[in-house]
Amino acid sequence: MSWNEESSGGGGSNGQGGIGGVLDMARADRSVWLMKCPALVATSWQKAASAAASAGAGGPDSSVPNPIVAKVVLSVDPLKPDGNSQLQFKMELAQSETGNTPKSYSLNMFKDFVPMCVFSESNQGKFMVEGKVEHKFDMEPHGDTIGDYRKLCRERTNKAMIKTRQIQVIDNDRGVLMRPMPGMIGLIPSGSKDKKKIAPAKGSEVKRTRRDRRELENIIFKLFEKQPNWALKQLVIETDQPEQFLKEILNDLCVYNKKGPNQGTHELKPEYKKSSEAETV
């Protein structure tokens, strides 16, 4: 049985999947199980499927049967009422894996899940309904193989702890292998003496304590003895005073240069220059 769907724009079936194609419904009523399996189980099944495909299994005229990857054991307690809640499922892998890979798994069945169907697409682009999901399971190692599973987890942990970095002794000491990479030329080495030490500027959120006005004036006079012109930001750093408070004192002691070569700086008023020079003498 097939279901033919035509697009809204017209056109008949072209034998291909998708809009205007044929969806094979022959297996729509088949019961399918949906299982969430560990990665090692999926890897084992993929290996078996690849080996069977290379041998020609699954072909239309092939005499090679599909591989048996596992068997499911269903346990029922006859002393308890019938019902899916009393069923116990166990899966045993048919493949003979090496190492500590568990061979037996418990299947924990979900009671409530959204109804789903399974679809497939062939290499020729044909779509098919493979069945309707009747049961959904989660796989976990069975109690009989929990010891093997612990060994497997321990092997994974030890493997992850192996250091992949290696120390190599460089025979060529002429620095050929230590040339700077592109984009690194011009960078100053961290140990260079030429690297300037930048004093961390205090943020605006730092609160500065006001000094005594007379004491601050003496500090300002000494600073102007070192150099005649100072910017406001420099004076704030040197005196460690609030900017607004410092402005009030500079308005009384200094002249602000709006033009000329010293634009944007303060210098002492002429009367204070004379007094400071006299005190120096």
Side-chain angles (χ1 to χ4, degrees), residues 36 38-40 42-43 138 149-281:
K36 183 180 179 181
L40 55 93
T43 303
D138 267 351
Y149 185 70
R150 288 176 180 172
K151 292 179 181 179
L152 180 64
C153 293
R154 195 177 299 111
E155 289 177 1
R156 289 178 177 176
T157 303
N158 295 335
K159 196 173 187 180
M161 292 176 64
I162 297 176
K163 296 182 179 180
T164 56
R165 295 183 178 181
Q166 298 180 355
I167 299 176
Q168 181 181 359
V169 180
I170 300 176
D171 296 331
N172 183 4
D173 59 350
R174 292 176 295 176
V176 178
L177 301 177
M178 300 180 67
R179 292 177 179 174
M181 298 296 291
M184 297 182 64
I185 300 176
L187 297 179
I188 302 175
S190 58
S192 175
K193 296 181 180 179
D194 298 333
K195 189 175 181 180
K196 296 182 180 179
K197 294 182 179 179
I198 302 175
K202 293 190 176 181
S204 58
E205 70 278 0
V206 178
K207 293 184 179 180
R208 296 182 171 91
T209 305
R210 291 189 178 190
R211 293 178 178 269
D212 178 70
R213 184 181 180 91
R214 185 59 182 172
E215 181 184 359
L216 181 56
E217 288 179 355
N218 292 333
I219 294 175
I220 293 175
F221 287 141
K222 290 180 181 180
L223 291 174
F224 277 98
E225 290 176 4
K226 297 180 182 179
Q227 66 183 48
N229 297 89
W230 288 87
L232 177 60
K233 291 183 179 179
Q234 293 176 327
L235 291 173
V236 170
I237 296 174
E238 292 291 337
T239 60
D240 194 20
Q241 290 297 292
E243 183 175 338
Q244 189 60 35
F245 178 57
L246 187 60
K247 277 184 178 180
E248 295 176 2
I249 299 179
L250 292 177
N251 289 337
D252 296 336
L253 303 180
C254 300
V255 177
Y256 182 72
N257 296 313
K258 298 181 180 180
K259 299 180 181 180
N262 298 321
Q263 183 180 2
T265 62
H266 292 80
E267 64 177 77
L268 288 176
K269 292 181 178 179
E271 57 269 25
Y272 291 111
K273 285 183 181 180
K274 293 179 182 179
S275 60
S276 61
E277 290 174 359
E279 291 178 0
T280 305
V281 174

Asker: Can you tell me how far apart CZ (R210) and CD1 (I249) are? Round to the nearest 0.5 Å.
Answerer: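 Going from CZ on R210 over to CD1 on I249, the span is 8.5 Å.
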Asker: Please identify each residue that fulfils side chain to side chain contact (heavy atoms under 4.5 Å, CB included) with Y256, with sequence neighbours left out.
Answerer: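 So Y256 forms a side chain to side chain contact (heavy atoms under 4.5 Å, CB included) with K258, H266.
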Asker: F224 versus L253: any side-chain heavy-atom pair under 4.5 Å?
Answerer: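 They are not in contact (no side-chain heavy atoms under 4.5 Å apart), so the answer is no.
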Asker: Evaluate side-chain contact (heavy atoms from CB on, under 4.5 Å) for I219 paired with R211, printing each intermediate quantity in order.
Answerer: CA-CA 10 Å; I219 294 175; R211 293 178 178 269; 3.8 Å; yes
Asker: Rounded to the nearest 0.5 Å, what separates atom CD in E155 from atom CG in N158?
Answerer: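 It comes to 8.0 Å.
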Asker: Output the distance between atom OG1 (T239) and atom NZ (K222), rounded to the nearest 0.5 Å.
Answerer: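 So the gap between those two atoms works out to 14.0 Å.
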Asker: Give a yes or no on whether a salt bridge exists between K36 and D138, defined as a side-chain N under 4.0 angstrom from a carboxylate O.
Answerer: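 D138 and K36: not salt-bridged.
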Asker: Might you point out which heavy atoms bring F245 and L216 nearest each other, and give the distance in Å?
Answerer: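 Heavy atoms only, the tightest pair is CE2-CD2, 3.5 Å.
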Asker: Check whether any side-chain heavy atom of V236 sits under 4.5 Å from a side-chain heavy atom of R208, and report yes or no.
Answerer: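 They are in contact (side-chain heavy atoms under 4.5 Å apart), so the answer is yes.
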Asker: Who are the salt bridge (Lys or Arg N to Asp or Glu O under 4.0 Å) partners of E217, not counting sequence neighbours?
Answerer: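 So E217 forms a salt bridge (Lys or Arg N to Asp or Glu O under 4.0 Å) with R213, R214.
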Asker: Between side-chain atoms of residues 226-233 and protein atoms elsewhere (two or more places apart, or another chain), which donor-acceptor pairs fall under 3.5 Å?
Answerer:
residue: Q227; atom: NE2; partner: N229; partner atom: O; Å: 2.7
residue: N229; atom: ND2; partner: T265; partner atom: OG1; Å: 3.4
residue: N229; atom: ND2; partner: E267; partner atom: OE1; Å: 3.3
residue: W230; atom: NE1; partner: L223; partner atom: O; Å: 3.0
residue: W230; atom: NE1; partner: Q227; partner atom: O; Å: 3.2

Asker: Hey, could you give me the CD1/OG1 distance between I162 and T157, rounded to the nearest 0.5 Å?
Answerer: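 If we round to the nearest 0.5 Å, I162:CD1 and T157:OG1 are 11.5 Å apart.
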Asker: Rounded to the nearest 0.5 Å, what separates atom NZ in K269 from atom CG in D252?
Answerer: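 If I round to the nearest 0.5 Å, the distance is 6.0 Å.
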